[in-house]
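Numbered from 1 within each chain, the chains take letters A, B, ... in sequence-line order. Values reported hereafter were calculated over all heavy atoms of this structure, with side chains retained and with hydrogens, waters and symmetry mates removed.
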There are 2 protein chains.
Amino acid sequence: MSSDRAPRNTLSRDRVVAAAVALADTDGLPSLTIRALATALAVKPMAIYHHVRNKEALLDALVDHVFSQVRVCRADAEWRQELGARAASLRAALNRHPWALTLMEARKNPGPATLANHEAALDLLRTSGFSLAATAHAYAVVDAFVYGFALQEAMLDQVELAEAPGDLIEGIDMSALPRMAEFATQHVMRPGYSFGDSFEVGLGMVLDGIAALA
Amino acid sequence: MSSDRAPRNTLSRDRVVAAAVALADTDGLPSLTIRALATALAVKPMAIYHHVRNKEALLDALVDHVFSQVRVCRADAEWRQELGARAASLRAALNRHPWALTLMEARKNPGPATLANHEAALDLLRTSGFSLAATAHAYAVVDAFVYGFALQEAMLDQVELAEAPGDLIEGIDMSALPRMAEFATQHVMRPGYSFGDSFEVGLGMVLDGIAALA
DNA sequence: ACCTGAACACCGTTCAAGT
DNA sequence: ACCTGAACACCGTTCAAGT
């Protein structure tokens, strides 16, 4: 007699956001539809709207969820160590949730975790004696590097995903691209190579540059 | 008697791509639908598919179109000047077409202009005497910085777009974010401030770091 | 060869209705 | 208060058909 409807009060904003993150992680952002999300939560599509205003608000929450995983700087420690650790933590979070970069570009409303994270980073730099101008440059430059590095890692994952099993890059005339060919065969395909190793190198350059701003 | 159908042979792959770029530039990426694109070209939706395999292939073409606007490095000039000029050109192209960053992350097939641009940059660095390892680091780091900086500029544009006319940031408790408040009032809102000024600063840091790799 | 019409399996979202 | 059903205005894309 009773319907198969989900029991009441099982849904919450947090459960909706967590399920959305899981869906985007496993199946990719395009698969994150309100309807698929409802199915994953064993609920009808319209139930979602009782906990989230609309899809845009859901995406805002997803980005803030990612930022909630990023290390918050403490202002009473050495700035170089703190800023570097936050950068590594941000990169790791963006690697875990590659769709976050795509979303960030179009977000209009930064969430509380995002704001708190930025506040702490600014506080660290200011407390460490950087002027407002130096703080602005420093923060813009580290974050640019981290976002861009994570973006490149996401792009590399896509290209590798598309590669034909035997052939390195399908249908591309490598003879017209001798430097890329050299690079692939003599460097990238060698045993110890890892793109990620450039992260510490670049981060070091940026932190050195910031130190010179002080 | 005659129908209002568009005359034949007016459509071409280039016209389709150009119209798609224009649509994304003016109305944003979400507005770029096959159906809207067809309308803009005064044609029925299915006509598009005669010049582009599917929407995914169209997006691939859009990204390559953007890369075709980026300065190609020449290997016979001073590397620092050449790499810096390419970086500035890449940033400018990404500013003109902010949707390109979003698309790049999910592309599986780099186009010919993209590949040629990378080839020239690698050739410049190798010709200038950088080892394969140093070239890998150098290229990863400059591009990370440029992509990330452009991403931040795109994010800033979104936030500014959403701001209530009078109020700086709507509904955010600035008293809990004293450093952001200080930053906004004492720095960002001052006459000469421009976020973009951090680009040259960061680029300088990165190029200095790369010089130290040689 | 190039373009179209009709159809299919999807979307996000509103609105009125159930409990 | 919380969830649902039906409906609306959209999507990308296939397939058969026109010229």
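Between B:W79 and B:F130, the ring planes lie perpendicular to each other; the angle is over 60°, past the 30° to 60° tilted range. Ring planes of A:F195 and A:F149: parallel class, angle under 30° (limits at 30 and 60°).
For A:R86 and A:N117, the side-chain atoms include at least one donor-acceptor pair closer than 3.5 Å. Side-chain atoms of A:N95 and A:E153 include a donor-acceptor pair closer than 3.5 Å. A side-chain donor-acceptor contact under 3.5 Å links B:Q69 and B:H97.
A side-chain donor-acceptor contact under 3.5 Å links A:E119 to the backbone of B:R179. A:D64 places a side-chain N or O within 3.5 Å of a backbone atom of A:T114 that can act as its donor or acceptor partner.
Listed by residue number, the members of residues 44-53 of chain A with any heavy atom below 4.0 angstrom from DNA chain C are A:M46, A:Y49.
Separating the CZ atom of A:R35 from the P atom of D:dC11 is a distance of 15 Å, rounded to the nearest angstrom. When rounded to the nearest whole Å, the span between CG of A:D27 and P of C:dC11 equals 12 Å. Taking atom CD1 of residue A:I34 and atom C1' of nucleotide D:dC8, one finds them 17 Å apart after rounding to whole Å. Atom NZ of A:K55 is separated from atom P of C:dT14 by 14 Å (rounded to the nearest Å). Atom CG in B:L41 sits roughly 14 Å away from atom C1' in C:dC2 (whole-Å rounding).
Closest to the side chain of B:L11, from the set D:dG12, C:dG12, C:dC3, is C:dC3.
Helical stems in DNA chain C, defined as runs of 3 or more consecutive Watson-Crick or G-U wobble pairs with both donor-acceptor distances under 3.5 Å, are listed by first residue as C:4-8 with D:12-16, C:12-16 with D:4-8.
Atom NZ of B:K44 has 12 or fewer heavy atoms from other residues, nucleotides or ligands within 6.0 Å.
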